[in-house]
S.K.: 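Quick one: this structure, given as structure tokens, is what I'll be asking you about.
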Amino acid sequence: MIKKILVLLALSAASLFAASGAQAGCGHFAIFECSKTGDPGGRGYMIRTDDYDNFRAGWNCRVQGPFDSKSQAKSAARSGGGYVKYSCQQGDGD
């Protein structure tokens, strides 16, 4: 029973990463809120911009992605009042 649950969890995680482009660590991000002083709250998950290429260092930002296509990221950004940027997590895709 536990083995079945673990397999289902692993398959779910793999499909989530494959759909979002997260395996490569590179892609288009929908960016919503940023703050210098902590978690800005809101939509998405928080990243530290120091860890990503093509982002201005020193910010905590709420993002969704990475998306494989710019149009996917634009759709997510539009629905939440954000904007789009392409980036790779440092150490990935270099």
Side-chain angles (χ1 to χ4, degrees):
M1 178 71 167
I2 291 176
K3 186 176 180 180
K4 285 183 183 181
I5 292 171
L6 292 175
V7 168
L8 288 174
L9 287 173
L11 290 173
S12 296
S15 65
L16 174 66
F17 287 125
S20 70
Q23 286 180 323
C26 296
H28 299 278
F29 288 83
I31 301 142
F32 300 103
E33 302 285 336
C34 295
S35 170
K36 287 265 193 185
T37 59
D39 186 346
R43 173 177 255 181
Y45 63 95
M46 191 180 81
I47 64 166
R48 184 81 184 133
T49 59
D50 300 358
D51 298 332
Y52 291 81
D53 297 331
N54 200 30
F55 280 86
R56 186 177 298 153
W59 292 86
N60 302 304
C61 292
R62 284 282 173 168
V63 303
Q64 285 181 342
F67 294 96
D68 292 329
S69 74
K70 190 173 186 177
S71 63
Q72 290 173 315
K74 278 184 176 181
S75 179
R78 263 194 305 272
S79 70
Y83 62 96
V84 173
K85 233 180 191 182
Y86 183 87
S87 184
C88 292
Q89 188 167 11
Q90 291 181 7
D92 292 339
D94 291 352

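Residue indices begin at 1 and follow the sequence shown.
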S.K.: Which heavy atom of A76 sits nearest a heavy atom of Q64, and at what distance?
M.R.: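 That closest heavy-atom pairing would be CB-OE1, 3.4 Å.
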
S.K.: Please check: side-chain N/O of S35 versus main-chain N/O of N60, any donor-acceptor pairing under 3.5 Å?
M.R.: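 No; zero donor-acceptor contacts below 3.5 Å.
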
S.K.: Looking only at heavy atoms, what is the nearest atom pair of T49 and G58, with distance?
M.R.: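 The pair with the smallest heavy-atom distance is OG1-N, 3.3 Å.
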
S.K.: Quick check on the hydrophobic clustering: are Y86 and Y83 connected, directly or via other members, by side-chain heavy-atom contacts under 4.5 Å?
M.R.: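 No, Y86 and Y83 fall in different hydrophobic clusters.
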
S.K.: Quick one: are S71 and H28 in side-chain contact, heavy atoms under 4.5 Å?
M.R.: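 Contact flag for S71/H28 side chains = no.
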
S.K.: A side-chain contact here means heavy atoms from C-beta on lying under 4.5 Å apart; do R43 and R62 qualify?
M.R.: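 Answer no - side chains too far apart.
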
S.K.: Quick one: are F55 and I31 in side-chain contact, heavy atoms under 4.5 Å?
M.R.: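 Result yes, sub-4.5 Å side-chain heavy-atom pair found.
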
S.K.: Give a yes or no answer on whether the side chain of K85 reaches the backbone of N54 with a donor-acceptor pair at less than 3.5 Å.
M.R.: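 Yes, the answer is positive, given that a donor and an acceptor are paired below the 3.5 Å cut-off.
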
S.K.: Using modelled atom types only, decide if a donor and an acceptor are shared between the side chain of Y45 and the backbone of G65 within a distance under 3.5 Å.
M.R.: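 Present.
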
S.K.: Between S75 and Q72 (side chain of the first, backbone of the second, donor and acceptor by atom type, cut-off under 3.5 Å), is there such a pair?
M.R.: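 Not a single qualifying donor-acceptor pair exists.
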
S.K.: With respect to Y52, which candidate in C88, C61, S87 satisfies the side chain to side chain contact (heavy atoms under 4.5 Å, CB included) definition?
M.R.: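 Of all the options given, the one that passes is S87.
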
S.K.: Check whether any side-chain heavy atom of K36 lies under 4.5 Å from a side-chain heavy atom of W59, and answer yes or no.
M.R.: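 A side-chain contact exists here, since the closest heavy-atom pair is under 4.5 Å.
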
S.K.: Taking the side chain as everything from C-beta on, heavy atoms only, tell me whether F32 gets closer than 4.5 Å to V63.
M.R.: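 Of all side-chain heavy-atom pairs linking V63 with F32, none is under 4.5 Å.
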
S.K.: For D51, give me all partners under side chain to side chain contact (heavy atoms under 4.5 Å, CB included), at least two apart in sequence or on another chain.
M.R.: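 Per chain and number, D51 pairs via side chain to side chain contact (heavy atoms under 4.5 Å, CB included) with R48.
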
